[in-house]
Amino acid sequence: MDTNLHVYNSLSAKKEKFEPIKAPFVGMYVCGPTVYSYVHLGNCRTFISFDLIYRYLLHLGYKVRYVRNITDAGHLENDADEGEDKISKKARLEAVEPMEIVQKYTLDFHEVLDKFNNLPPNIEPTATGHIVEQIDMIQDIINEGFAYEVNGSVYFDVETYNAKFGNEYGKLSGRKIDELMAGTRDLDGQSEKRSPVDFALWKKASPTHIMRWNSPWSVGFPGWHLECSVMSSKYLGDSFDIHGGGMDLKFPHHECEIAQCKAANHQDPVKYWMHTNMLTLNGARMSKSTGNTLLPNELFTGNNDKLEKAFSPIVVRFFMMQAHYRSPLDFSSDALMAAEKGYLRLMGALNDLEELKPAETTTAFDLEEWKSKCYAAMDDDFNTPILIAHLFEAVKFIKAAKDGKASIAATDKAALQELLNAFVFDILGLEKEEQQASGDDELVDGLMKTIIDLRLDARQRKDYATSDRIRDHLQNLNIVLKDSKEGTSWEKE
RNA sequence: GGUCUCGUGGCCGAGUGGCUAGGCAGUGGUCUGCAAAACCUCGUACAGCGGUUCGAAUCCGCUCGAGACCUCCA
């Protein structure tokens, strides 16, 4: 199959034509969350970005296997000998089993991504479920001569690897070994590592370390970067199409993944590396230490001191889609409120389209040209902001048709509906928001209908004192009446 | 300190050598008893300085400012 999709490859720092290794199959691996606390919004942006990418690949007809791991063990807290992994540290603090922590936050993670309308990946492997495979890969790397054991721990020998593979370590992130050495010299105490740039494949567990497994070298746990190499190659092969993650993982995590895979399998594991950009909050980086953080549920409920009001997951998703995945994006009340209005306008136009009466011919809109512009935007490295700009062109046309200033033929109407549904719901992954104020309470709906009817009577009698009184009193309750030709609707502010 | 990215109109945010992105806000208008809502109209911005070019927001250099990575981080 042939498509015109181009993707930005971090490895070449260029947009490249997307040609899967074995079309129509596409293997995509995305680095998932470490489940030791609630998933935060920055994480969500990354996964929403890759959800978009997944959805568009599916839309184009690719048979995608999307693998996203759950890191439930192994990421070291620090580089010191007494290093412990994040899961076990948290477990001790809360006096529960590590897997209890893992379960709690995994459930939260799934719940939040579901609210954002993310499709689940095809495989969601866990690090603790692949200890055996990780041990095997370490053994392979040792056998190939790129790792060494010290006191029960195993380290990757970066310099030997680099000598063998033409100074490739750093090719993804643009690092040079010499510079890295210079930068790390002062941090290097009496490490077991031969070189400061080496990294752990297996760590011997200290007596207090809870999560531990048997291995040929010691009772311990796997190193930081190994799980992704192991699980991606297990489920997608030694060489696959797309590997993604946040750009903060580029170095060292992804760099180390390349080295591990290449050391074990002698081939580049990934054809297209894709990295998403960071999310900031009120102009500053999200950080727990400064308190500038926001959890998804705090955003949805409005229960936070960072933003002026609550925002629904779908509005947030739309907001994210208005920026390109490789650009940084800032969360603020003003920006989100603007997105909310735009989203409502788009959704309103979709409803308007359904109700349009078809005419003989279509005027003032070139459907074919519009369609190809939409696809061109998505084909250009998933440029959703441009796509959305084109969607608003269609909105404008729909409004004009509704006003009788343009017309649409029946076949074009059906085609436009189909395309808009594809772009808005299938690809961007938006959905119609559930009824907000009205609809959730029959009693309130009934009462409101009575009040609105009474006001209508008063207006017809030209008793504006009464009709305005009704309107003002409702306004005081934060209920806004909206008059239109079709009648009066209401909304809670 | 090293490596790198970025600085676009009131706000958000695309674009990247010549041709109005888009959304929100704002302006003026239509509608309305009045308003709100809705719909229509309008807006010539690209940090500063210098250079390349017939032509630069777009390329090059410098200055200023912001951010990322270099340590766990999506």
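Scope of the values below: all heavy atoms of this structure, side chains included, with no hydrogens, waters or symmetry mates. Convention: sequence-line order gives letters A, B, ...; per-chain numbering from 1. As the structure is a computational prediction, the values presented were derived from the model and not from experiment.
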### Query
Given B:A74, B:A21, B:C34, which nucleotide is nearest the side-chain atoms of A:Arg471?
B:C34

Dump every N/O contact between nucleotides 38-40 of chain B and the protein below 3.5 Å, one line per pair.
from, atom 1, to, atom 2, distance (Å)
B:C39, OP1, A:Arg345, NH1, 3.3
B:C39, OP1, A:Lys399, NZ, 3.1
B:C39, O2', A:Asp403, OD2, 2.7

### Task
Apply the test ring pair (Phe, Tyr, Trp, His ring centres under 6.0 Å) to residues A:His253 and A:Trp224: give CA-CA distance (whole Å), side-chain angles for both, the deciding distance (0.1 Å), then the verdict.
CA-CA 8 Å; A:His253 185 59; A:Trp224 333 338; 9.5 Å; no

### Query
Given the side-chain rings of A:Tyr36 and A:Tyr105, with only the six-membered ring counted for Trp, is the space between their centroids under 6.0 Å?
no

### Task
Look at the side chain of A:His130 and the backbone N and O of A:Thr128, then say whether any donor-acceptor pair between them is shorter than 3.5 Å.
no

#### Entry: Over-ring placement of A:Lys309 relative to A:Phe311, 6.0 Å and 45° cut-offs
yes

Pairs under 3.5 angstrom only: tabulate donor-acceptor contacts from the side chains of residues 112-120 of chain A to other protein residues two or more places apart or in another chain.
from, atom 1, to, atom 2, distance (Å)
A:Lys115, NZ, A:Asn297, OD1, 2.9
A:Asn117, ND2, A:Gly429, O, 2.9
A:Asn118, OD1, A:Arg317, NH1, 2.8
A:Asn118, ND2, A:Phe47, O, 3.3

### Query
How far does the C1' atom of B:C42 sit from the matching atom of B:G29, given to the nearest Å?
11 Å

### Message
Rounded to whole Å, please give me the gap between CG in A:Asn69 and P in B:C73.
### Response
11 Å

### Task
Using a heavy-atom cut-off of under 4.0 Å over every strand shown, decide if A:Gly32 touches base, sugar-phosphate, or nothing.
sugar-phosphate

### Task
Decide ring pair (Phe, Tyr, Trp, His ring centres under 6.0 Å) for A:His254 and A:His275; before the verdict, give the C-alpha distance in whole Å, the side-chain angles of both, and the deciding distance to 0.1 Å.
CA-CA 10 Å; A:His254 290 158; A:His275 292 97; 5.0 Å; yes

### Task
Compare the minimum distances between each of B:G33, B:A36, B:A74 and the side chain of A:Val480, then state the nucleotide with the smallest one.
B:A36

### Query
What heavy-atom pair brings A:Gly302 and A:Ala310 nearest, and what distance separates the two atoms?
N-CB, 3.4 Å

### Task
Please state the P separation for the pair B:G48 and B:C64 - nearest whole angstrom.
16 Å

### Qualifying salt bridge (charged side-chain N to carboxylate O under 4.0 Å, His left out) pairs, either residue in residues 474-483 of chain A, two or more places apart
A:Arg455-A:Asp483, A:Arg459-A:Asp483, A:Lys482-A:Glu491

### Query
What integer distance in Å separates A:Asn43:CG from B:C72:C1'?
12 Å

### Task
Starting from P on B:G67, measure out to CE on A:Met278 and report it in whole angstrom.
15 Å

### Message
Please report the distance separating the C1' of B:A66 from the corresponding atom of B:G18, rounded so that it comes out in whole Å.
### Response
31 Å

#### Entry: Same-atom distance (C1') from B:A57 to B:C19, integer angstrom
15 Å

## Note on the structure
The answer to which of A:Pro252 and A:Leu481 contacts RNA chain B further toward the 5' end, by nearest nucleotide, is A:Leu481

### Message
In whole Å, measure the gap between the P atoms of B:A21 and B:A36 for me.
### Response
31 Å

### Query
B:C72 and B:G67: how far apart are their P atoms, nearest whole angstrom?
22 Å

### Query
Please, what dot-bracket string fits RNA chain B when only Watson-Crick and G-U pairs with both distances under 3.5 Å count, crossing ones use [ ] and pairs to another strand use |?
(((((((..(((.....[...))).(.(((.......))).)....(((((..]....))))))))))))....

### Task
Return yes if some donor-acceptor pair links the side-chain N/O of A:Asp72 with the main-chain N/O of A:Thr126 below 3.5 Å, else return no.
no

### Geometric cation-pi criterion, A:Arg175 with A:Phe251: 6.0 Å, 45°
yes

### Message
Pick the closest RNA chain B nucleotide for A:Leu41 and for A:Thr280 by heavy atoms, then say which residue is nearer the 5' end.
### Response
A:Thr280

### Task
Could you tell me whether A:Asp468 and A:Arg471 make a salt bridge, using a distance below 4.0 angstrom between a side-chain N and a carboxylate O?
yes

#### Entry: B:G23 base stacked by A:Phe392 (centroids within less than 5.5 Å, tilt under 30°)
no

### Query
Between A:Phe318 (CZ) and B:A14 (C1'), how many Å, whole number?
13 Å

### Task
Figure out the CG/P separation between A:Asn383 and B:G22, and round it to whole Å.
14 Å

### Message
Using a 4.0 Å heavy-atom cut-off, does A:Gly245 contact any base of the nucleic acid, only the sugar-phosphate backbone, or nothing at all?
### Response
sugar-phosphate

### Message
Roughly how many Å apart are B:C46 and B:A56, using the C1' atom of each and rounding to a whole number?
### Response
11 Å

### Task
Measure from CZ on A:Arg326 to C1' on B:A68 and round the result to the nearest Å.
15 Å

### Query
In whole angstrom, what separates A:Phe311's CZ from B:C24's P?
15 Å

### Query
Going by the angle between their ring planes, with limits at 30° and 60°, are A:Phe382 and A:Tyr56 parallel, tilted or perpendicular?
perpendicular

### Query
Between B:C69, B:G22, B:G33, which nucleotide has the shortest distance from any of its atoms to the side chain of A:Arg175?
B:C69

### Task
Check every atom of B:A35, B:G33, B:A21 against the side chain of A:Arg459 and return the nucleotide holding the closest atom.
B:G33

### Query
For A:Lys341, which contact category applies under a 4.0 Å heavy-atom criterion: base, sugar-phosphate, or nothing?
sugar-phosphate

So which protein nitrogen or oxygen atoms get under 3.5 Å of nucleotides 4-13 of chain B's nitrogens or oxygens?
from, atom 1, to, atom 2, distance (Å)
B:G13, OP1, A:Asp330, N, 3.4
B:G13, O2', A:Gln322, O, 3.3

### Query
Taking the side chain of A:Trp224 as heavy atoms from C-beta outward, which of B:C24, B:C72, B:C34 is closest to it?
B:C72

### Message
Any base atoms under 4.0 Å from A:Asp468, or only sugar-phosphate, or nothing? Heavy atoms, all strands.
### Response
base

### Task
Report the distance from atom CG of A:Asp248 to atom P of B:U71, rounded to the nearest whole Å.
14 Å

### Message
Suppose we screen for side chain to side chain contact (heavy atoms under 4.5 Å, CB included). Which residues come up paired with A:Thr46, at least two apart in sequence or across chains?
### Response
A:Phe50, A:Thr276

### Task
Could you give the distance separating B:U3 and B:U71 at their P atoms, to the nearest angstrom?
15 Å

### Summary
Between A:Asp241 and A:Gly27, the two heavy atoms sitting closest are OD2-N, 3.0 Å

